[in-house]
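A short worksheet on the structure shown next.
Heads up: numbering here begins at 1 and tracks the sequence.
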Amino acid sequence: MTAPGLLIAAPRSGSGKTTVTLALMRALRRRGVAVRGAKCGPDYIDPAFHEAATGHPSLNLDSFAMPDGLLDACAGLSARDAALVIAEGSMGLHDGIVAGEGRTGANADIAARYGWPVLLVLDVSGAAQSAAAVALGCAAYDPRIRVAGVVLNKVASPRHRRLVEAGLSRIGMRVLGAFPREAGLVLPERHLGLVQAGETADLEARLDRLGDLAEASLDLDAIVAAAGGQAQPGRGALPRPPAQRIAVARDAAFSFLYPHMLAGWRAAGAEIVPFSPLADEAPDPSCDACWLPGGYPELHAGRLAAANTFREGLNRFAHTRPVHGECGGYMVLGESLEDADGVTHPMAGLLPVATSYGKRRLHLGYRVARLVETGLLGAAGTRLVGHEFHYASELTPAPDADNALARVTDAEGTPLGFAGHRRGLVTGSFFHLIAETDEP
């Protein structure tokens with residue numbers, strides 16, 4: 001038997017899901033509950049905060065990008081040795097792509113698949129009884145799910161709370177806690193969301209404050225009792241490693257690697273050998289492949305340009321072994337990177353692409369890719385599903401069939417042309433790989 005779970009969701013982004021999730025995780029951990037985290041959708045920042053709050057890795061659960069076997073394997077791994085799984089949603093509870101039932105990428109798909117009741121976070125600033133109408137709509141929209149109760153966020157006063165609760169009592173919705181407006185509890189943000197957990201110097205103190213807030217403001221016993229369902233470990237496998245010994249860049253500039261990828265590589269016996277480009281370290285020459293994850297190279301472009309040991313070692317490595325870069329890693333593999341101040345910095349020069357943050361433009365969405373040629377990510381024609389989220393622009397011409405990594409579409413099948421680059425043993429793209437799948 002695996003652990004029961006709860007899904008923390010909201011009607012929309014910005015409602016306070018992460019605050020409630022981290023507060024609940026930290027408070028329950030301090031009570032001795034073996035709580036584990038999970039994140040719905042393609043997010044690589046929140047799971048690191050979950051890990052800081054619970055002391056255990058948190059995996060992504062994505063009903064669009066992951067085939068059923070991988071999805072169940074990740075859910076089962078999340079519940080291993082746990083008394084309770086707390087999954088944090090993304091965007092709104094029902095937000096996803098237009099697709100078949102259970103495959104939209106919405107939080108509701110995950111709640112329905114594993115029978116996890118929903119704890120709905122309501123930002124009630126600027127509303128009173130009308131908040132109940134929003135909660136009622138969220139609960140009634142999809143008959144597959146059950147909303148166990150709500151947590152109110154940004155409550156202005158005791159009178160405000162009474163008005164909101166009056167509306168919720170009318171629809172029979174339980175209030176399991178309420179957080180006041182308290183700006184000092186907000187976690188710092190930057191252009192891709194929260195500042196990374198490893199960069200938040202006072203993170204432990206912030207988490208403890210959130211835990212204190214949960215103890216004072218949430219009915220923790222009722223929330224734990226509301227958990228239900230269970231993840232059913234499937235027969236599917238986690239992702240296969242691209243090599244036996246993998247050099248993985250890991251520091252403040254390279255940290256966006258999905259936890260289920262690393263879990264799959266390790267489960268298959270691969271050895272992960274971290275190195276830090278910001279510390280001017282090169283990939284270990286004894287490794288079979290090198291992986292540059294995404295991150296924030298645009299914030300460290302000057303240091304990366306001056307890291308001669310890293311750049312020279314990476315170039316030597318790439319002569320004989322495969323190297324792959326995702327998003328930020330892709331940018332570093334290119335010819336140059338222009339930072340937000342308009343300063344252009346030379347990069348590794350392994351791929352024919354120049355990128356810029358001088359004029360930011362959002363690129364966001366799932367990507368479904370077919371590899372053009374056989375390489376580190378698979379054989380030619382392999383279908384990959386990933387996600388793109390960045391503000392960079394390519395200054396160089398778009399790739400073509402002779403040098404592209406893949407031909408891509410969006411989640412609904414709209415062709416987007418060629419994406420990424422390949423040159424020799426080096427590949428890269430702006431999309432973060434989530435899964436290889438044969439599903440259409």
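Checked options Phe389, Tyr391, Tyr330; the residue passing with Phe430 is Tyr330 (criterion: ring-ring contact (aromatic ring centres under 6.0 Å, His included)).
Salt bridge annotation for Arg12-Asp95: absent, with no cationic side-chain nitrogen under 4.0 angstrom from a carboxylate oxygen. Between Arg103 and Asp62 no salt bridge is recorded (no basic side-chain N to carboxylate O distance below 4.0 Å). Salt-bridge formation is not detected for the pair Arg266/Glu271: no Lys NZ or Arg NE/NH1/NH2 atom is positioned less than 4.0 Å from an Asp or Glu carboxylate oxygen. A salt bridge between Glu204 and Arg209 is absent, with no side-chain N of the basic residue lying under 4.0 Å from a carboxylate O of the acidic one. Here Asp221 pairs with Arg31 in a salt bridge; the nearest charged N to carboxylate O distance falls below 4.0 Å. Salt-bridge annotation for Arg30 and Asp208: present, with a side-chain N of the basic residue lying under 4.0 Å from a carboxylate O of the acidic one.
With sequence neighbours left out, the ring pair (Phe, Tyr, Trp, His ring centres under 6.0 Å) criterion links Tyr258 to Tyr44, His260. Among residues two or more places apart in sequence or in another chain, the ring pair (Phe, Tyr, Trp, His ring centres under 6.0 Å) test is passed with His160 by none. Legend: residues meeting ring pair (Phe, Tyr, Trp, His ring centres under 6.0 Å) with Phe179, ordered by chain and number and at least two apart, are absent. Contacts of Thr104 classified as side-chain hydrogen bond (donor to acceptor under 3.5 Å, both in side chains), with partners at least two apart in sequence or in another chain: Asp109. Annotation: side-chain hydrogen bond (donor to acceptor under 3.5 Å, both in side chains) contacts of Asp341 (sequence neighbours excluded): none.
When ring centroids are compared, Tyr296 and Phe254 stay outside the 6.0 Å threshold.
Atoms OH and CD1, on Tyr366 and Ile97 in that order, are 7.0 Å from each other to the nearest 0.5 Å. To the nearest 0.5 Å, the span separating CD1 on Ile223 from CD1 on Ile8 amounts to 7.0 Å. In this structure, the separation between CG on Leu7 and CG on Leu93 is 7.5 Å, given to the nearest 0.5 Å.
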Given the rule in the ring-ring contact (aromatic ring centres under 6.0 Å, His included) test, do His387 and His432 qualify, once you have shown the distances and angles that lead to the verdict? CA-CA 5 Å; His387 189 263; His432 288 257; 8.3 Å; no
Between His94 and Asn107, is a side-chain hydrogen bond (donor to acceptor under 3.5 Å, both in side chains) present by the stated rule, with each step listed? CA-CA 6 Å; His94 301 290; Asn107 309 169; over 6 Å; no
Does His324 form a side chain to side chain contact (heavy atoms under 4.5 Å, CB included) with Leu292? I'd like the steps, not just the answer. CA-CA 6 Å; His324 181 69; Leu292 301 182; over 6 Å; no
Test side chain to side chain contact (heavy atoms under 4.5 Å, CB included) on Leu371 and Thr427; report intermediate values, then the result. CA-CA 11 Å; Leu371 294 178; Thr427 56; over 6 Å; no
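At least one donor-acceptor pair closer than 3.5 Å links the side chain of Asp339 to the backbone N or O of Gly342. With hydrogens and angles disregarded, a donor-acceptor distance shorter than 3.5 Å links the side chain of Ser58 to the backbone of Ala38. At distances below 3.5 Å, at least one donor-acceptor pair connects side-chain atoms of Thr54 with backbone N or O atoms of His50. The closest donor-acceptor contact from the side chain of Glu281 to the backbone of Ser276 lies under 3.5 Å. Side-chain atoms of Asp219 never come within 3.5 Å of backbone atoms of Leu176 as a donor-acceptor pair (strictly under, hydrogens ignored).
Contact check for Leu71 versus Pro67: no side-chain heavy atoms found under the 4.5 Å cut-off. Taking 4.5 Å as the limit, every side-chain heavy atom of Val121 sits out of range of all side-chain heavy atoms of Val150. Two residues are said to be in side-chain contact when any heavy atoms from C-beta on lie closer than 4.5 Å; Tyr357 and Met331 meet this criterion.
Within 6.0 Å of CD in Glu101 there are 12 or fewer heavy atoms belonging to other residues, nucleotides or ligands.
Between Asn153 and Ser15, the shortest heavy-atom contact is ND2-O, 2.9 Å. Contact record, Leu120 with Cys138: CD2-CB, 4.0 Å, taken as the closest heavy-atom pair. Minimum interatomic distance between Ala3 and Ala83 (heavy atoms only, all atoms of both residues): CB-C, 3.8 Å.
Sorted by first and then second residue, the pairs that involve residues 35-44 and meet salt bridge (charged side-chain N to carboxylate O under 4.0 Å, His left out), not counting sequence neighbours, are Lys39-Asp46, Lys39-Glu88.
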